[in-house]
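Below, chain A is the first sequence line, B the second, and so on; all start at residue 1.
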Amino acid sequence: MCQINQIYNKLLDHYGAQGWWPLLDYQKNINDDGLWGYHPDDYSLPKTKIQRFEVCIGAILTQNTAWKNVQKALINLKKLNAIKPDTLKKIDIEKLKKAITPAGYYNQKSKKLKIFADFFISVKNKIPTRNDLLSVWGIGPETADSILLYAYKKPEFVVDAYTKRMFTNLGLIDDNYNYEKIKSFFEENLKNDIIVYQEYHALIVKHAGIYYRKKTNTCKDPLLS
DNA sequence: AACCAGGACGTGA
DNA sequence: TCACGTCATGGT
């Protein structure tokens, strides 16, 4: 128990709870980015199967994509009533591509969404394992962990590009660490708690999005160093 | 006007 | 395993 816990406390103290997803039923609030802030401190979500599905879809759509663009795609899908496994499964692929265009990679992502809809229906009310998710085309380690952590509330730490960049820059992990090794590093040093996992990942994205963009990567971290 | 964003896949060493 | 090219829109 060392610096990564102190960093977590600093980030949480500085930025507050992030309240990431689901989005669609909670988009009334405005946060300090001008984006929609959703439901900080409400860890009862997702409450319904549809909300859970929305989290999964959002996790796929946000692959290497700014969340702001994903918001538009999700709202488009909602208008088509496509935040539903059955509807998404049946929807015309060209219509789907058009709806998710703002989120980019619409050829790949439309295919990924279709395949995921099938998978989501097939698991019924069971909780998929990490390997179940990784076996689905279009779901890699980060998306699998995001789905487990935010949709199914399982304690899987989510590692993204910012996490690696920020913590190598702070000197806490080695540059040659792969995804699984970074994930283990956090899970072995943090309390096994989905609230901590959920907030920490979101806070890293928040903080690194300001101070650890590729261009400003060499800048000194005003909060943590 | 390049550069990058809440990555994953296919290919070739 | 690991490095590299590819996918695509929209903000800065």
Check: Stepwise, does the side-chain contact (heavy atoms from CB on, under 4.5 Å) test hold for A:I91 with A:L113?
Finding: CA-CA 11 Å; A:I91 192 172; A:L113 292 182; over 6 Å; no

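Checking A:V159, A:I173, A:L224 one by one against A:F167, the side chain to side chain contact (heavy atoms under 4.5 Å, CB included) holds for a single residue, A:I173. When A:Y26, A:Y150, A:Y43 are each tested for a ring-ring contact (aromatic ring centres under 6.0 Å, His included) with A:W20, only one passes: A:Y150.
At the heavy-atom level, A:E142 lies under 4.0 Å from the strands shown only through sugar-phosphate atoms. A:K109 comes within contact range of no nucleotide atom at all, as no heavy-atom separation falls under 4.0 Å. Backbone-only contact: A:I139 has heavy atoms under 4.0 Å from sugar-phosphate atoms and none from a base.
In the set B:dG6, B:dG7, C:dG10, the nucleotide with an atom closest to the side chain of A:V205 is B:dG6. You'll find that the side chain of A:P141 is closest to B:dA8, out of B:dA8, B:dG7, C:dT9.
In terms of phosphate contacts, A:Y106 brings no side-chain nitrogen or oxygen within less than 4.0 Å of OP1 or OP2 of C:dC7. In this model, the phosphate group of B:dA5 is approached by a side-chain N or O of A:R165 to a distance below 4.0 Å at OP1 or OP2. Considering only side-chain N and O atoms, A:W21 lies nowhere under 4.0 angstrom from the phosphate OP1 or OP2 of B:dG6. When the side-chain nitrogen and oxygen atoms of A:N64 are compared with OP1 and OP2 of B:dC4, none of them lie within a distance under 4.0 Å. Note on A:S146: every side-chain N or O is 4.0 Å or more away from OP1 and OP2 of B:dG6.
One C1' atom belongs to C:dG5, the other to B:dG6, and the distance between them is 22 Å to the nearest Å. When the P atom is used for both C:dG10 and B:dA8, the distance is 22 Å, rounded to whole Å.
The interatomic distance linking A:L96 (CG) with C:dT9 (C1') rounds to 15 Å, in whole Å. The distance between atom NZ of A:K68 and atom C1' of B:dC4, rounded to the nearest whole Å, is 15 Å. Residue A:K183 contributes atom NZ, which lies 20 Å from atom P of B:dG6 at whole-angstrom precision. Regarding A:Y15, its OH atom lies at a distance of 14 Å from the P atom of B:dG6, rounded to whole Å. Between the NZ atom of A:K98 and the C1' atom of C:dA8 there is a distance of 17 Å, given to the nearest Å. Spacing between atom NZ of A:K72 and atom P of B:dA5 amounts to 17 Å, rounded to whole angstrom units.
When each of A:K214 and A:K112 is assigned the nucleotide of DNA chain B bearing its nearest heavy atom, the one mapping closer to the 5' terminus is A:K214. Nearest-nucleotide positions on DNA chain B place A:A66 closer to the 5' end than the other of A:G140 and A:A66.
At most 12 non-hydrogen atoms from other residues, nucleotides or ligands lie less than 6.0 angstrom from NZ of A:K154. Summarising the local packing, NZ of A:K114 is surrounded by more than 12 heavy atoms from other residues, nucleotides or ligands at distances under 6.0 Å.
Remark: side-chain polar atoms of A:D160 are paired, donor with acceptor, to backbone N or O of A:T163 under 3.5 angstrom.
The aromatic ring of A:W20 stacks onto the base of B:dG6, its centre lying under 5.5 Å from the centre of the six-membered base ring with the two planes under 30° apart. Judged by ring centres under 5.5 Å apart and planes tilted less than 30 degrees, A:W67 stacks against the six-membered base ring of B:dG6.
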